[in-house]
Undergrad: 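Quick one: the structure is below, questions incoming.
Atoms within each ligand, like the ligands themselves, are counted from 1 in listed order. Everything numeric in this text was worked out from a predicted model, so none of it was measured.
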Amino acid sequence: MAQVVATRSIQSSFMSSRSGSVQERAEKLKPPSFASRVMERQAMTTKKLTVVRRSTRITAKRSVRVEPEVIPVSPEDLPKREEKFQQLQRLQQLGDTSASMWSTPTVRRKTKIVCTIGPSTNTKEMIWKLAEAGMNVARMNMSHGDHASHQKVIDLVKEYNEQSKDNVISIMLDTKAGFSLICFSGFGPEVRSGDLPQPINLESGQEFTFTIRRGVGTTDCVSVNYDDFVNDVEAGDMLLVDGGMMSFLVKSKTEDSVKCEVVDGGELKSRRHLNVRGKSATLPSITEKDWDDIKFGVDNKVDFYAVSFVKDAQVVHELKNYLKSCNADIHVIVKIESADSIPNLHSIITASDGAMVARGDLGAELPIEEVPLLQEEIIRICRSMGKAVIVATNMLESMIVHPTPTRAEVSDIAIAVREGADAVMLSGETAHGKFPLKAVKVMHTVSLRTEATIPGGTMPPNLGQAFKNHMSEMFAYHATMMSNTLGTSIVVFTKTGFMAILLSHYRPSGTIFAFTNDKTIQQRLSLYQGVCPIYMQFSDDAEETFENALGLLQVTFLEARNGKRRRRGSTSSERQTAHLAISINSQYSGPKSVDKKIGARVAQLVTAEEFPHQLLGGWHRGSGV
Ligand SMILES: Nc1ncnc2c1ncn2[C@@H]1O[C@H](COP(=O)(O)OP(=O)(O)O)[C@@H](O)[C@H]1O
Ligand SMILES: C=C(OP(=O)(O)O)C(=O)O
């Protein structure tokens with residue numbers, strides 16, 4: 001069954017966020033200047049309140065928007081006095097019920113957020129807070145931690161999903177060779193330095209040795225987890241640690257060691273990435289350790305594997321065949337991070353369910369100036385094939401230690417959103433950073449703001465070519481057209497996820513509310529741009545399913561709205577809003593009955609009281625709605 005419904009707000013305040021000149025919007029967005037606040041305080045103390053005119057408070061409407069509440073994870077994450085002041089202002093202004101560009105309905109963020117879980121976030125409290133702050137996918141990096149620690153995280157995410165009424169987090173395992181099992185199981189696609197008792201400081205010009213001997217970790221020599229390391233590197237090669245944070249010039253080799261001169265020094269920690277500038281290691285993409293991790297993923301019914309260093313489609317077919325043989329419905333995301341994968345991009349992505357632009361290793365194996373170009377190209381290829389695409393690494397790197405991002409990082413997120421990525425990813429920021437919740441909040445806010453500037457209505461150039469099922473494509477196309485021209489959200493019924501993914505591929509301007517009767521599908525759909533997955537039992541009767549879905553949306557939103565009303569009362573815009581629901585239903589036998597169904601649903605008009613207007617722009621977790 002695939003049924004698509006579009007819902008419409010006759011008065012959508014989200015649409016108004018796009019109206020007005022750039023200058024007007026910029027004016028509305030300006031924060032009260034420091035000078036104006038100082039003047040205001042001075043005026044208050046000198047009792048000359050009239051000097052500070054209301055017109056200088058240009059952010060009154062903007063601040064009606066409720067920001068996600070970010071609960072501090074560490075003392076450093078505590079809101080500063082200035083933030084507390086702004087929060088207070090916002091709370092006071094919740095009484096302001098006028099409709100404005102930032103007033104309700106708030107808009108559901110379309111671009112999804114992947115968070116790597118590590119020591120900063122692997123507790124129940126932090127998983128819950130990350131989910132509430134906007135995490136859509138929890139990623140576990142199998143290079144770190146052990147199965148027991150990952151098991152704990154998987155169980156916590158599942159527990160969160162069980163108890164959450166209207167939110168679901170999917171689980172991604174990032175597979176690669178772990179150092180701990182290296183002696184027993186061969187070597188993986190990632191080359192890493194070994195464990196060190198403590199970080200060592202290396203100065204430019206000093207000598208340092210990498211060895212394939214096991215268990216070495218001294219101040220002038222460390223193990224490497226890859227036996228062919230000595231064969232693969234040559235004198236004159238440049239070795240990069242963590243994509244270039246440190247670099248080493250290869251001077252000479254022995255049977256088991258590579259002697260280097262430190263070019264860019266720094267602090268060398270345990271298990272760091274090693275790349276040879278311009279070379280790919282001659283490694284298999286899936287190693288014994290990976291198979292072990294893959295079985296762990298099958299046992300735990302994870303949603304996605306992110307497979308490191310995929311160089312050709314063969315490895316994807318191999319993995320998919322294995323998954324089929326054990327009846328595991330897990331999707332495969334290929335990490336594009338190797339120079340060797342570039343000539344095979346099309347076949348690799350065709351074989352997979354999606355790709356990750358793994359910019360860390362990509363920028364080490366290839367000149368860094370190629371990274372933004374490849375990012376754009378990989379996103380374009382994935383979009384043209386209807387595959388998921390994730391942009392990863394360094395997106396808010398400075399927030400590992402600082403509470404605020406660099407402006408360049410903010411632009412980086414905005415670029416990925418504009419290029420049409422399904423998801424943006426946090427790595428060290430949430431795994432071991434000081435400000436994991438703030439990082440999610442920044443990603444959420446920047447994505448949302450950027451999405452509001454993207455015009456709807458651009459159709460993929462490959463319409464009718466990407467999928468074999470042309471009828472489904474027609475449904476997706478027309479629902480998208482309706483969504484774009486009427487300013488509506490879309491409701492889709494899907495048993496396999498296919499129809500929701502297809503709709504996501506067309507990037508309609510409204511939220512795609514995807515109803516499914518399969519929890520696995522619901523979890524998986526969390527990754528896809530614009531999709532809000534909802535679990536619901538389906539009835540044999542399509543009409544009943546349709547009514548139940550509307551009812552479920554209604555209940556969810558009425559609850560949310562009632563909760564809100566207790567705090568601020570209903571607005572006049574809510575009372576006046578009316579909505580149109582249009583359904584396209586392919587559960588019926590042929591095109592004729594489908595046409596009839598479209599006709600039937602177009603006539604359905606639902607008033608605001610029955611169908612709360614938050615639905616139309618959608619809602620988004622982390623907005624306070
Ligand atoms: N499960 C974990 N346990 C401990 N540390 C972790 C874990 N996951 C991630 N980290 C830390 O966060 C850093 C950034 O995460 P990620 O980018 O996934 O790793 P890497 O770049 O090492 O592959 C890692 O280098 C590691 O220091
Ligand atoms: C995402 C990446 O892989 P990892 O997290 O394993 O470093 C990367 O290299 O950018």
Undergrad: Does D232 reach the side chain of Y226, with side-chain heavy atoms less than 4.5 Å apart?
TA: yes
Undergrad: Quick one: nearest non-hydrogen protein atom to atom 15 (O) of ligand 1, plus distance?
TA: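 Of every protein heavy atom, G428 N, 3.9 Å lies nearest to atom 15 (O) of ligand 1.
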Undergrad: For ligand 2, find out whether one of its N or O atoms is nearer than 3.5 Å to an N or O atom of G360.
TA: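 Yes; the residue has a nitrogen or oxygen that sits under 3.5 Å from a nitrogen or oxygen of the ligand.
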Undergrad: Which atoms from ligand 2 have a heavy atom of R359 less than 4.0 Å away?
TA: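 Numbered from 1, ligand 2 contributes 10 (O).
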Undergrad: Return the closest protein heavy atom for atom 23 (O) of ligand 1 as residue, atom name and distance.
TA: R192 NH2, 2.6 Å
Undergrad: Only one of D303, I294, L323, T520 passes side-chain contact (heavy atoms from CB on, under 4.5 Å) with I330; say which it is.
TA: L323
Undergrad: Is it the case that over 12 heavy atoms from other parts of the model lie below 6.0 angstrom from the NZ atom of K259?
TA: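 No, not enclosed.
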Undergrad: Taking distance alone, with no angle check, do K335 and ligand 2 share an N/O pair under 3.5 Å?
TA: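 Yes, there is a polar N/O contact under 3.5 Å.
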Undergrad: For E376, does the CD atom have more than 12 heavy-atom neighbours from other residues, nucleotides or ligands under 6.0 Å away?
TA: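 Check fails, neighbour count at 12 or below.
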Undergrad: Return the closest protein heavy atom for atom 19 (O) of ligand 1 as residue, atom name and distance.
TA: N141 ND2, 3.0 Å
Undergrad: Using heavy atoms and a threshold below 4.0 Å, how should the contact between M425 and ligand 1 be classified: side chain, backbone, both, or neither?
TA: neither
Undergrad: Does the pair D237 and K253 meet the rule for a salt bridge (Lys or Arg N to Asp or Glu O under 4.0 Å), with working shown?
TA: CA-CA 11 Å; D237 278 348; K253 303 195 288 185; over 6 Å; no
Undergrad: Which bit of M140 is near ligand 1, meaning a heavy atom under 4.0 Å away: side chain, backbone, both or neither?
TA: neither
Undergrad: Just let me know how S143 lines up against ligand 1, side chain, backbone, both or neither, with a heavy-atom cut-off below 4.0 Å.
TA: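 Contact part for S143 vs ligand 1: neither.
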Undergrad: How far is atom 21 (O) of ligand 1 from the closest protein heavy atom, and which atom is that?
TA: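 Among all protein heavy atoms, the one nearest atom 21 (O) of ligand 1 is H273 NE2, 3.1 Å.
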Undergrad: Less than 3.5 Å between some nitrogen or oxygen of R139 and one of ligand 2, yes or no?
TA: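 Indeed, backbone or side chain, R139 has an N or O that close.
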Undergrad: Name the closest protein heavy atom to atom 9 (O) of ligand 2, giving the residue it belongs to and the distance to 0.1 Å.
TA: D361 OD2, 2.8 Å
Undergrad: Does CG belonging to N321 count more than 12 external heavy atoms closer than 6.0 Å?
TA: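 Result for CG/N321: enclosed.
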Undergrad: Check the surroundings of atom CD1 in I368: do more than 12 heavy atoms from other residues, nucleotides or ligands lie under 6.0 Å from it?
TA: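 No - once you tally the heavy atoms of other residues, nucleotides and ligands closer than 6.0 Å, there are 12 at most.
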Undergrad: Looking only at protein heavy atoms, which one is nearest to atom 17 (O) of ligand 1, and how far off is it?
TA: S427 CB, 3.3 Å
Undergrad: For residues M246 and L202, determine if any side-chain heavy atom of one lies less than 4.5 Å from a side-chain heavy atom of the other.
TA: yes
Undergrad: Please find the pair of heavy atoms, one from I169 and one from Q523, that lie closest to each other, and give the distance.
TA: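 That would be O-CG, 3.5 Å.
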Undergrad: Sort out for me which residue in R524, K301, K320 forms a salt bridge (charged side-chain N to carboxylate O under 4.0 Å, His left out) with D329.
TA: R524
Undergrad: Crowded around E203 CD? As in, over 12 foreign heavy atoms under 6.0 Å?
TA: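 Open.
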Undergrad: To check your reading of the model: name the closest protein heavy atom to atom 7 (O) of ligand 2, its residue, and the distance in Å.
TA: H273 NE2, 2.9 Å
Undergrad: Quick one: which of E370, E369, Q375 gives a side-chain contact (heavy atoms from CB on, under 4.5 Å) with L373?
TA: E370
Undergrad: Quick one: does ligand 1 sit under 4.0 Å from the side chain of K269, the backbone, both or neither, non-hydrogen atoms only?
TA: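 None of K269 does.
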Undergrad: So for ligand 1, is T116 a polar contact partner (N or O within less than 3.5 Å, distance only)?
TA: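 It does not: no N or O of T116 is found under 3.5 Å from an N or O of ligand 1.
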Undergrad: Enumerate the atoms of ligand 1 whose separation from the nearest heavy atom of R272 is less than 4.0 angstrom.
TA: 25 (O), 27 (O)
Undergrad: What residue and atom, counting heavy atoms only, is the protein's closest point to atom 6 (O) of ligand 2, and at what distance?
TA: K176 NZ, 2.4 Å
Undergrad: Report the nearest protein non-hydrogen atom to atom 7 (C) of ligand 1: residue, atom name, distance rounded to 0.1 Å.
TA: H144 CB, 3.3 Å
Undergrad: Counting each atom of ligand 2 from 1 as listed, which ones have a heavy atom of A358 under 4.0 Å away?
TA: 1 (C), 2 (C), 8 (C), 9 (O), 10 (O)
Undergrad: Does Q206, at its CD atom, have more than 12 non-hydrogen atoms belonging to other residues, nucleotides or ligands within less than 6.0 Å?
TA: yes
Undergrad: With respect to T393, determine whether any N or O atom, backbone or side chain, lies less than 3.5 Å from an N or O atom of ligand 2.
TA: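 Yes.
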Undergrad: With a 4.5 Å limit on heavy-atom distance, are the side chains of T453 and R418 in contact?
TA: yes
Undergrad: What protein heavy atom sits nearest atom 9 (C) of ligand 1, and how far off is it?
TA: A431 CB, 3.5 Å
Undergrad: Testing the basics here: between N225 and R192, what is the closest heavy-atom pair and its distance to 0.1 Å?
TA: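 So the minimum-distance heavy-atom pair works out to OD1-N, 2.8 Å.
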Undergrad: For R139, counting its heavy atoms only, list the atoms of ligand 1 lying under 4.0 Å from any of them.
TA: 18 (O)
Undergrad: Answer with side chain, backbone, both or neither: which part of H150 has a heavy atom less than 4.0 angstrom from an atom of ligand 1?
TA: side chain
Undergrad: Which residue and non-hydrogen atom of the protein lie closest to atom 5 (N) of ligand 1, and at what distance in Å?
TA: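 Scanning the protein heavy atoms, the shortest distance from atom 5 (N) of ligand 1 goes to P119 CD, 3.4 Å.
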